[in-house]
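All remarks here apply to the structure that follows.
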Number of protein chains: 2
Amino acid sequence: MKQESGSEIASLIREVNATLNAQLREAFKENDLTPPQMMVIFMLAEEKKLKVSEISTKMNLANSTVSGIIDRLEKSGYVKRMRSEVDRRVVHVVLSEQVEELHHSFHETVTQFLGTIAADATNEQIEQVLTGLNTLRTLLSGKKTKNLRCE
Amino acid sequence: MKQESGSEIASLIREVNATLNAQLREAFKENDLTPPQMMVIFMLAEEKKLKVSEISTKMNLANSTVSGIIDRLEKSGYVKRMRSEVDRRVVHVVLSEQVEELHHSFHETVTQFLGTIAADATNEQIEQVLTGLNTLRTLLSGKKTKNLRCE
DNA sequence: AACTAATATTTCGTATGCGAATTATTATAT
DNA sequence: ATATAATAATTCGCATACGAAATATTAGTT
């Protein structure tokens, strides 16, 4: 019974994640922004300045992945890289001047979208979702990975 | 308050999905199988024969994505493509002879892994997780996507 | 039967996403 | 002070992942 639960949980996670991404993609396609690109700008609108590694941590991504995302955001003029003067290993990412002026609108719009996830939900439903996800997170993080081999 | 929930939920989904994938990757790296490759073989061990589109539906992936996954599984000898005689548009995917013999071991091992997700959990926790995920799935699927534009 | 629409899959271009290796810089130890 | 370790970011190769377009085949229309 627990094994079936595992399979079901894995499948549900995949599905929910895919749906959320699809809706994000759809909602922001007019701005030519992909979901992770949108999240980076969203965070920069809040925090002004972030190290590449800080973005990686906040988004649960490898540094190499974020580096590529920043590459494309820089090429399309949304953000700028600024080498830190204090520690020259560090790269700070900031919104470019043009986007800087729109960051209020941006942050509002994204917040508005994220709000629609929970908009039709009762407080009890939101509670359910958050409780479930947090429980799962705890279960997964406590799990030590066992190497398996077939054959 | 609901808006913050949306942001939190999105972030949790990302995190949980990433963690689950990382553990799957880790658990099956000795077989040189990626998570989606592993899932395909797992399903074929159960169902014997699946159309490309059936795999896409079950895994919540685009046909084009699955086509590539099958390409690589075929190249490494795990599966074979078989053009249907009844409807020549259809491609059936089956386990190759070598893997066929191991499919019991395979299915067991995967089931075992998926079981470990829920192994340390109480029945109440599993209930919580499933309830939460199903609630979220319903909330997301009922959401009509509104196009948003910043600037 | 010929034309059109629908369906199944593949191909293509682009953007994630990862781990391993590399580069550049800073911190630490001897 | 120099060798070594640690840290931050990038580069590289590969495997997803998507949508749009192309291809092949079947179904439906007239």
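So that the names make sense, note that chain A is the first sequence line, chain B the second, and so on, each numbered from 1. Every value quoted in this text rests on a predicted model; they were computed, and no experiment measured them.
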Report task. Give a yes or no on whether the backbone of B:L33 and the side-chain of B:N31 come within a donor-acceptor separation of less than 3.5 Å. Result -> no

Please report the distance, rounded to the nearest Å, between [atom1] in [X] and [atom2] in [N].
| X | N | atom1 | atom2 | result |
| --- | --- | --- | --- | --- |
| B:D71 | C:dT10 | CG | P | 7 Å |
| B:L24 | C:dC18 | CG | C1' | 14 Å |
| B:Q23 | C:dC18 | CD | C1' | 16 Å |
| A:E74 | C:dA15 | CD | C1' | 17 Å |
| B:I55 | C:dA8 | CD1 | P | 14 Å |
| A:E54 | D:dA8 | CD | C1' | 12 Å |

Query raised in the report: Distance only, no hydrogens: is a donor on one side chain within 3.5 Å (strictly under) of an acceptor on the other, for A:T122 and A:E124?
Result: no

Query raised in the report: Side chains of A:T135 and B:Q128: do they bring a donor and an acceptor to under 3.5 Å?
Result: yes

Query raised in the report: What one-letter contact string describes nucleotides 14-26 of chain D from 5' to 3', where B marks a base within less than 4.0 Å of any protein heavy atom, S marks contact via sugar-phosphate atoms alone, and - marks no contact?
Result: -SBBBBB---BBS

Report summary line: Sequence neighbours excluded, the answer for salt bridge (Lys or Arg N to Asp or Glu O under 4.0 Å) partners of A:R137 is B:E15

Requested in this report: Could you tell me which residues satisfy salt bridge (Lys or Arg N to Asp or Glu O under 4.0 Å) with B:E46, sequence neighbours excluded, listed by chain and number?
Outcome: none

Query raised in the report: Does a side-chain N or O from A:S67 land closer than 4.0 Å to OP1 or OP2 of D:dT11, or not?
Result: no

Requested in this report: Would you sort out whether A:K49 and A:E54 count as a salt bridge (charged side-chain N to carboxylate O under 4.0 Å, His left out), showing the intermediate values?
Outcome: CA-CA 10 Å; A:K49 188 169 83 170; A:E54 288 172 338; over 6 Å; no

